[in-house]
Asker: 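Mind having a look at this structure? Questions to follow.
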Protein chains: 2
Amino acid sequence: MWFQIDPRLSKPIYLQIVDGVKEACAKHILNPGDRLPSVRELAAEMTLNPNTVAKAYQELERTHVIEVIRGRGTFVAAPSPVPDKEQRLAAMRDTIKHLWIEAQYLQMTSHDLLALMHATVAEWDRERGRERV
Amino acid sequence: MWFQIDPRLSKPIYLQIVDGVKEACAKHILNPGDRLPSVRELAAEMTLNPNTVAKAYQELERTHVIEVIRGRGTFVAAPSPVPDKEQRLAAMRDTIKHLWIEAQYLQMTSHDLLALMHATVAEWDRERGRERV
DNA sequence: CATCTGTACTATGTGTTATAGTACACATAG
DNA sequence: CTATGTGTACTATAACACATAGTACAGATG
């Protein structure tokens with residue numbers, strides 16, 4: 001599979017699935033139209049309860065990452081305009097604030113923090129390029 | 001107080017206190033040696049249970065943000081070398097990865113993302129400067 | 001001694017997570 | 001048509017985290 005879950009982590013399993021799928025989509029390991037494993041298939045493969053996988057799929061559909069067709073399966077959705085763009089941008093700013101605070105405690109300057117951001121983003125851009133179809 | 005809590009948020013109250021104190025320290029609203037309100041004082045002021053505040057203080061002491069002196073009170077700790085620096089750096093990289101993925105879904109380029117980071121960090125640097133003692 | 005500190009402990013209620021099992025509506029292949 | 005595979009809905013259970021309430025203890029201070 002394009003991701004793996006760890007039941008020992010505090011992060012809920014269904015959110016690990018959600019993030020795993022979103023990451024695979026962002027890296028173009030999964031592309032629009034691709035079919036995801038069925039709820040029962042994925043549950044069997046990862047020895048999880050089908051309900052847990054279903055919960056993840058419902059969250060992914062709610063956020064328009066995947067599309068569900070009754071009786072057919074779930075598919076990666078095509079990119080579409082985002083309705084709650086402002087809220088999500090605000091959440092990103094808040095996350096960056098947390099990074100800024102954490103950097104202080106690691107005795108990093110703002111320059112150090114921005115350098116880390118540059119390097120990490122560049123790394124993930126390369127990752128995406130390598131996996132692209 | 002230098003922060004406020006919202007019981008309606010999904011984030012646990014004790015973690016809201018933890019982050020509030022850390023933010024106040026990062027912005028130098030609180031400085032090393034400053035005394036924090038007692039468990040009972042803060043609980044009364046924010047209409048919380050003293051146990052909740054105590055849990056926050058214990059987490060803050062565990063991460064060396066504050067120092068506790070039995071019978072005297074809690075005080076902002078002086079900056080000290082960080083033991084688990086590697087883990088915390090790795091966690092920051094993971095957070096940046098999440099930002100990168102979220103940016104994709106908001107149809108932002110990596111350049112857009114880095115610009116947002118620059119702007120947000122600069123904003124918080126200004127915030128810190130204004131509050132400095 | 002009286003009063004303030006943080007801490008420890010039990011108990012209760014609530015909400016989330018994950019599991020198990022059953023059942024239903026829809027789509028498709030034979 | 002039947003059989004099978006989709007997602008979904010529902011009940012029930014167990015485990016855990018969170019928050020509250022109340023009591024009690026050890027250390028520091030005036």
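None of these values were measured; they are calculated from a predicted model. Below, chains carry the letters A, B, ... as their sequence lines are ordered, and counting in each starts from 1.
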Asker: To the closest 0.5 Å, what do you measure between NZ (Lys11(B)) and CD1 (Ile5(B))?
Answerer: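 Spacing of NZ (Lys11(B)) from CD1 (Ile5(B)) equals 12.0 Å.
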Asker: Would you kindly give the CD1-to-C1' distance between Ile13(A) and dT16(C), to the nearest whole Å?
Answerer: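 These atoms are roughly 13 Å apart.
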Asker: Knowing that exactly one of Val53(B), Leu48(B), Thr52(B) qualifies, which makes a side-chain contact (heavy atoms from CB on, under 4.5 Å) with Val39(B)?
Answerer: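 The side-chain contact (heavy atoms from CB on, under 4.5 Å) with Val39(B) is passed solely by Val53(B) among Val53(B), Leu48(B), Thr52(B).
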Asker: At under 4.0 Å, does any side-chain N or O of Thr74(B) touch on OP1 or OP2 of dT5(C)?
Answerer: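 No.
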Asker: Parallel, tilted or perpendicular for His118(A) and His118(B), by the 30°/60° rule?
Answerer: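 Ring orientation of His118(A) relative to His118(B): perpendicular.
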Asker: Quick one: does any side-chain atom of Asp125(B) pair with a main-chain N or O of Ala122(B) as donor and acceptor, under 3.5 Å?
Answerer: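 Here the side-chain-to-backbone pair does not exist.
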Asker: Would you mind reading off the distance between Leu9(B) atom CG and dT16(C) atom P, rounded to a whole angstrom?
Answerer: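 It works out to 14 Å between those atoms.
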Asker: Which ones in residues 54-66 of chain B lie close to DNA chain D, meaning a heavy atom under 4.0 Å from one of its atoms?
Answerer: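 Contacts with DNA chain D under 4.0 Å: Lys55(B).
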Asker: Pick the closest DNA chain D nucleotide for Leu36(A) and for Thr47(B) by heavy atoms, then say which residue is nearer the 5' end.
Answerer: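 Going by which nucleotide is closer to the 5' end, it is Leu36(A).
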Asker: Between the protein and nucleotides 21-23 of chain D, list the N/O to N/O atom pairs that are separated by less than 3.5 angstrom.
Answerer:
residue: dA21(D); atom: N7; partner: Asn49(B); partner atom: ND2; Å: 3.4
residue: dA21(D); atom: N7; partner: Asn51(B); partner atom: ND2; Å: 3.3
residue: dA21(D); atom: N6; partner: Asn51(B); partner atom: ND2; Å: 2.9
residue: dG22(D); atom: O6; partner: Asn51(B); partner atom: ND2; Å: 3.3

Asker: Between Glu102(A) and Met108(A), is any pair of side-chain heavy atoms under 4.5 Å apart?
Answerer: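 Not in contact.
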Asker: Scan Glu41(B) against the nucleic acid and name what it touches under 4.0 Å (heavy atoms): base, sugar-phosphate only, or nothing.
Answerer: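 The residue Glu41(B) makes sugar-phosphate contact but no base contact.
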Asker: Any side-chain heavy-atom pair from Lys97(A) and Asp94(A) closer than 4.5 angstrom?
Answerer: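 Heavy-atom side-chain distance check passes, below 4.5 Å.
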Asker: With a cutoff of under 4.5 Å between side-chain heavy atoms, which Ile, Leu, Val, Met, Phe, Trp and Tyr residues group with Ile69(A)?
Answerer: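 Taking Ile, Leu, Val, Met, Phe, Trp and Tyr as members, Ile69(A) shares its hydrophobic cluster with Phe75(A).
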Asker: Side-chain N or O of Thr52(B) versus OP1/OP2 of dT20(D): is the shortest distance under 4.0 Å?
Answerer: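 For Thr52(B), the contact criterion (side-chain N or O under 4.0 Å from OP1 or OP2 of dT20(D)) is met.
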Asker: Dot-bracket for DNA chain C, please, read 5' to 3', with Watson-Crick or G-U wobble pairs under 3.5 Å on both distances, ( ) within the strand, [ ] crossing, | other strand, . unpaired.
Answerer: ||||||||||||||||||||||||||||||
Asker: Extract from the structure each pairing of a protein N or O with an N or O of nucleotides 28-30 of chain C at less than 3.5 Å, listing the distance.
Answerer:
none

Asker: Where each residue is assigned the nucleotide of DNA chain C containing its nearest heavy atom, which of Arg70(A) and Tyr14(A) is assigned the position nearer the 5′ end?
Answerer: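 Between the two, 5'-proximity favours Tyr14(A).
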Asker: State, yes or no, whether a side-chain contact exists between Glu59(A) and Arg62(A) at a heavy-atom distance under 4.5 Å.
Answerer: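 A side-chain contact under 4.5 Å exists here.
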Asker: Is the shortest side-chain heavy-atom distance between Val65(B) and Val18(B) below 4.5 Å?
Answerer: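 Val65(B) does not reach Val18(B) side chain to side chain.
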Asker: Please list, chain by chain and in numerical order, all residues satisfying ring-ring contact (aromatic ring centres under 6.0 Å, His included) with His98(A), sequence neighbours excluded.
Answerer: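 Once residues adjacent in sequence are excluded, His98(A) has no partner under the ring-ring contact (aromatic ring centres under 6.0 Å, His included) criterion.
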Asker: Atom CZ of Phe75(A) and atom P of dA27(C): how far apart are they, to the nearest Å?
Answerer: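 After rounding, the gap between these two atoms is 13 Å.
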Asker: In whole Å, I'd like the distance from the CG atom of Asp6(B) to the P atom of dA19(D).
Answerer: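 To the nearest whole Å, that distance equals 12 Å.
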Asker: Is any side-chain heavy atom of Tyr105(A) less than 4.5 Å from a side-chain heavy atom of Thr63(B)?
Answerer: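 Tyr105(A) vs Thr63(B): side chains apart.
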Asker: Rounded to the Å, how far apart are Arg8(A) CZ and dA18(C) P?
Answerer: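 Taking atom P of dA18(C) as the reference, CZ of Arg8(A) is at 15 Å.
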Asker: Are Tyr14(B) and Leu60(B) side-chain neighbours, meaning at least one heavy-atom pair lies under 4.5 Å?
Answerer: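 Tyr14(B) vs Leu60(B): side chains apart.
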Asker: Need to verify one output field. Residue with the more 5' nearest nucleotide on DNA chain C, Pro12(A) or Ile69(B)?
Answerer: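 Mapping each residue to its closest nucleotide by heavy atoms, the 5'-most match is Ile69(B).
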Asker: I'd like to check Met1(B) versus Leu42(B) (side-chain heavy atoms, cut-off strictly below 4.5 Å). Are they in contact?
Answerer: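 Yes. Closest side-chain heavy atoms under 4.5 Å.
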Asker: What is the distance, rounded to the nearest whole Å, between atom CG of Leu42(A) and atom P of dG5(D)?
Answerer: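 Nearest whole value for this atom pair: 17 Å.
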Asker: Can you confirm whether Ile17(A) sits close enough to Lys55(A) that some side-chain heavy atom of one is under 4.5 Å from a side-chain heavy atom of the other?
Answerer: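 With C-beta onward as the side chain, the pair stays apart.
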Asker: When you check the phosphate oxygens OP1 and OP2 of dT6(D), does a side-chain N or O of Ser38(A) lie under 4.0 Å from one of them?
Answerer: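 Answer is yes, contact under 4.0 Å.
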